Structures are given as structure tokens and as C-alpha cells.
*Asks:* 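The structure follows.
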Amino acid sequence: MRVVRAIQVTRPGGPEVLELVELERPVATPGHVVVRVEAAGVNYIDTYQRSGVYPMDLPFVPGKEGAGQIVEVGEGVEDFVEGEGVAWAFTQGSYAEYIRVPVTDLYRVPEDVELDMAAATLLQGLTAHYLVTSSHPVMPGETVLVHAAAGGVGLLLTQLAVARGATVIGTVGSEQKERIAMQAGVSHVLRYDLMDDVAHDLPAAVRAIAPEGVEAVYDGVGRTTFDASLASLKRRGAMVLFGAASGPVEPVDPQRLNSAGSVVLSRPTLADFTADAEEREWRASDIFHGILLGDLSVRIDHGYSLDEAAEAHRALESRRTSGKLLLHP
Ligand code: NDP
């Protein structure tokens, strides 16, 4: 039996449940390829799965994103060949030396884009893309609020919103992140970590900049920012809740959307914006072209070896990071 090193979770818990193990190497099945993983992306969803916030069948190998080289092609796969550089954003088991990926989640990586860069960009880039084009399509002249603007998604979202002509107000949790968010194009940085009462102080700070409120709030922080986000919106604005880095939001009475000014609440997820092949292609080629043209700058915060997966999770959850974390199997 050929074995590969992988990270496995056998019980939900803290970062310490991420264990390095040896597993049987995957083989190509119809409609799938096997890839030697060059880099796996570490995403917040991996922490939700590890801790049990998103229940998983046990045991499982974490990680949904990565990039690498195809080493084996399954029956019926026509568009991809051995040796090609590819990336994926939604295949479970990326924290491993080898992974089997369905063609429905394969993205060809342009030759001039390094595989590390592809693994660092795809999931968060596709997310930022659907948020600004589909969840609330940003229009020139709008002002939008982006929470955790110096985070992985936040930095890309900010750049894409600015490119579409918006003014971005961004929240960050430290002085260092202030500078990083401004480099990405945030015009007004708000330090929610310094506010005594975020639900009151943050909307007041937003309205000091945009008196009628903002057209949209992109909120991946969740529990600690949700009330402030609603109160920061302009009449008929869009509340786009796309994550829960600070914990899940309590159930919401629809009446609150009425009193916030007939606002629209959505809770989108990437899978629903990449289900169609053409849509996937459109979003990925926009992101890869953005990198190639130098319009989209991707910040890799830190790379870890596979056996440091627990340290990567600790760093992400402790709010120390700004940009992407990668594992190099
Ligand atoms: P980030 O790099 O943005 O890390 C999370 C950031 O959230 C932290 O750095 C921190 O920034 C901020 N934060 C605020 N409060 C807390 C808290 N109590 N604990 C931890 N972090 C906190 O992560 P990602 O870019 O990977 O993900 C951002 C969000 O986007 C996540 O909620 C994730 O689930 C979501 N997401 C959603 C997708 C979708 O399709 N719906 C797809 C991909 C990601 P600061 O210090 O500046 O406050």
C-alpha cells in the first residue's frame, strides 16, 4: 500500500485535534484526478469543521482548498492532463500530500501564476468576487462597509469593491492591520477593538463618514458586529452576512429589517455561486487575470509545514493574521 502524510481529525475540538497521520494514497476514479498538493489554503471554514460548529463525519481530513500538479487522470476526464497545474476550492481533504479532486472543482492555473499564489487566492478570491458582483453588486459612487478588512477575504473584497468604484470603510482589530487595510484601498479605517460599545459606536463612526449610512455591509465577523452592521445601513441597503469569525449570529426577527430601513439580509455561501461551470470560469478568470495584470494583490501572511497545521489554526483564530495562511505538505 502506498501511503501519504495527511492531517486527520478523529474528534471535534481545539487545534490539538489536528493530527499528522499516514493514510492510503488516493487513486483516480471516473471524473476525478489525483493531485500532488503543493500548497493547501487554510480557511476559517476549516476551524468551524475542526471544532464541530459545522458537524462532520469522523474521521476526516480538513481543508477544502489547494493547488498542485495532476499526477493521475481518471476515466472520462478529457479537459485535464497529467503534469498540469490546477487549483480547487471545495474538495474536502486538502491538508495532505495527495488528494483526489472531481473535475467539477478543478481550475486550470495559468502558467504565469505560481501554484502557491493560486492556493492562496482561489477560495477567498472567488468569495470576494461573488460578494461584490452578485450578493450586492457594487456600483460606482457607493460607500460600503467591509468588516475584518485586513483579513484574507477582507483584503481581496476591499480591492474588488474599490475597483468597481466604491469608497470602502473598513474595520480592523489592530494598528498594524490599519496600515495593511489602507494599502488595499480602504479610505476610512475604524478600530472596532477600541470601541466600548461596538453596537452603538461603530454605526455612529460610519455615519460620521456617510451620514445616510452605507449601501452595503459585508460582514464575515458575525456575532460581535451584526447589530452594528444593521444600524450602519442606508435605507434599502444590503446586509450581506457571509461568515461568523466571532461566532454565529443569534436568530433575527424579520421585523428588524423593516425598522433598519427596509434593508435586505442575505447569508450567502460560495458553493451557490460556483455551481455552474460558466460562472466558475468567469469568476476564476477574473481573479487570475487580476493577479497577472497586477490589479489584485494577494498577501500571504505565513506558510506552515503540514505538521504545523495546529499552529496555523491557532494563528487564524487568535486574530494575529492578515491575509492568507498556507500549508506546504
Ligand atoms: P480572516 O483572515 O478574515 O480572519 C478572521 C478575522 O476576523 C480576524 O483576523 C479578525 O480580524 C476578525 N475577527 C473579529 N472578531 C473575531 C473573533 N472574535 N475571533 C476571530 N476573528 C475575529 O479569515 P478568512 O478570510 O478566512 O474568513 C473571513 C470570514 O469569511 C469568515 O467568517 C469565513 O467563514 C467567511 N467566509 C465565508 C465564505 C462564504 O462563502 N460564505 C467563504 C469564505 C470565507 P480583526 O483582528 O481585524 O478583527
Side-chain angles (χ1 to χ4, degrees), residues 14-15 40-51 53-54 62-65 89-90 119-136 145-160 169-182 184 186 189-195 198 202 217-226 228-229 239-249 265-275 279-280 283 287 298-302 312-327:
V42 177
N43 290 288
Y44 232 90
I45 190 170
D46 307 342
T47 69
Y48 305 146
Q49 291 187 339
R50 187 212 69 220
S51 65
V53 170
Y54 287 1
K64 300 181 100 48
E65 177 187 40
F90 238 85
T121 317
L122 195 60
L123 194 152
Q124 293 172 338
L126 293 172
T127 301
H129 191 274
Y130 86 70
L131 290 171
V132 301
T133 57
S134 304
S135 288
H136 168 78
L145 174 61
V146 174
H147 286 303
V153 175
L155 286 171
L156 298 172
L157 179 48
T158 295
Q159 293 176 69
L160 295 183
I169 303 174
T171 57
V172 298
S174 71
E175 193 180 337
Q176 192 207 3
K177 289 184 179 183
E178 245 176 86
R179 282 197 303 277
I180 295 169
M182 289 186 93
V186 170
V189 184
L190 302 177
R191 288 280 302 277
Y192 49 10
D193 60 314
L194 300 179
M195 294 176 182
V198 172
L202 185 55
V217 182
Y218 296 99
D219 189 343
V221 171
R223 178 176 284 155
T224 58
T225 45
F226 184 78
S229 298
M239 169 68 205
V240 185
L241 176 68
F242 67 95
S246 68
V249 173
L265 168 65
S266 64
R267 176 56 179 95
T269 187
L270 177 61
D272 291 322
F273 294 84
T274 49
E279 189 171 358
R280 258 200 318 275
R283 297 193 189 285
I287 294 300
V298 180
R299 189 172 196 277
I300 299 180
D301 182 281
H302 201 76
H313 276 217
R314 278 189 201 102
L316 186 61
E317 291 177 296
S318 68
R319 302 175 70 167
R320 291 202 302 270
T321 64
S322 188
K324 190 71 187 183
L325 301 184
L326 291 177
L327 294 183

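Every number for a ligand or one of its atoms is a count from 1 in the order of the listing. Small disclaimer: the values here were computed from a predicted structure and weren't measured.
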*Asks:* With sequence neighbours excluded, tell me which residues meet side-chain contact (heavy atoms from CB on, under 4.5 Å) with Ser51.
*Replies:*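 For Ser51 the side-chain contact (heavy atoms from CB on, under 4.5 Å) partners, ignoring immediate neighbours, are Val53.
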*Asks:* Please enumerate all residues that pass side-chain contact (heavy atoms from CB on, under 4.5 Å) together with Arg223, with sequence neighbours excluded.
*Replies:*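 Once residues adjacent in sequence are excluded, the partners of Arg223 under the side-chain contact (heavy atoms from CB on, under 4.5 Å) criterion are Ser246, Pro248, Glu250.
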*Asks:* Under the side-chain contact (heavy atoms from CB on, under 4.5 Å) test, which residues partner Pro268, sequence neighbours left out?
*Replies:*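 Partners of Pro268 under the side-chain contact (heavy atoms from CB on, under 4.5 Å) test: Tyr130, Leu131, Ser135, Val240, Phe242, Ser266, Phe273.
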*Asks:* If you measure only the distance, is there a donor-acceptor pair under 3.5 Å linking the side chains of Asp219 and Ser229?
*Replies:*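 Side-chain D/A pair, Asp219 to Ser229: present.
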*Asks:* Collect the protein residues that have a non-hydrogen atom under 4.0 Å from ligand 1 and hand them over in chain and number order.
*Replies:* Tyr44, Tyr48, Leu123, Gln124, Thr127, Tyr130, Ala148, Gly151, Gly152, Val153, Val172, Gly173, Lys177, Tyr192, Gly220, Val221, Phe242, Gly243, Ala244, Ala245, Ser246, Arg267, Pro268, Thr269, Leu270, Leu316, Glu317, Arg319, Thr321
*Asks:* Could you tell me if Thr133 and Arg283 have a donor-acceptor pair between their side chains, going purely by distance under 3.5 Å?
*Replies:* yes
*Asks:* Taking atom CG of Leu157 and atom OG1 of Thr127, what is their separation to the nearest 0.5 Å?
*Replies:* 9.5 Å
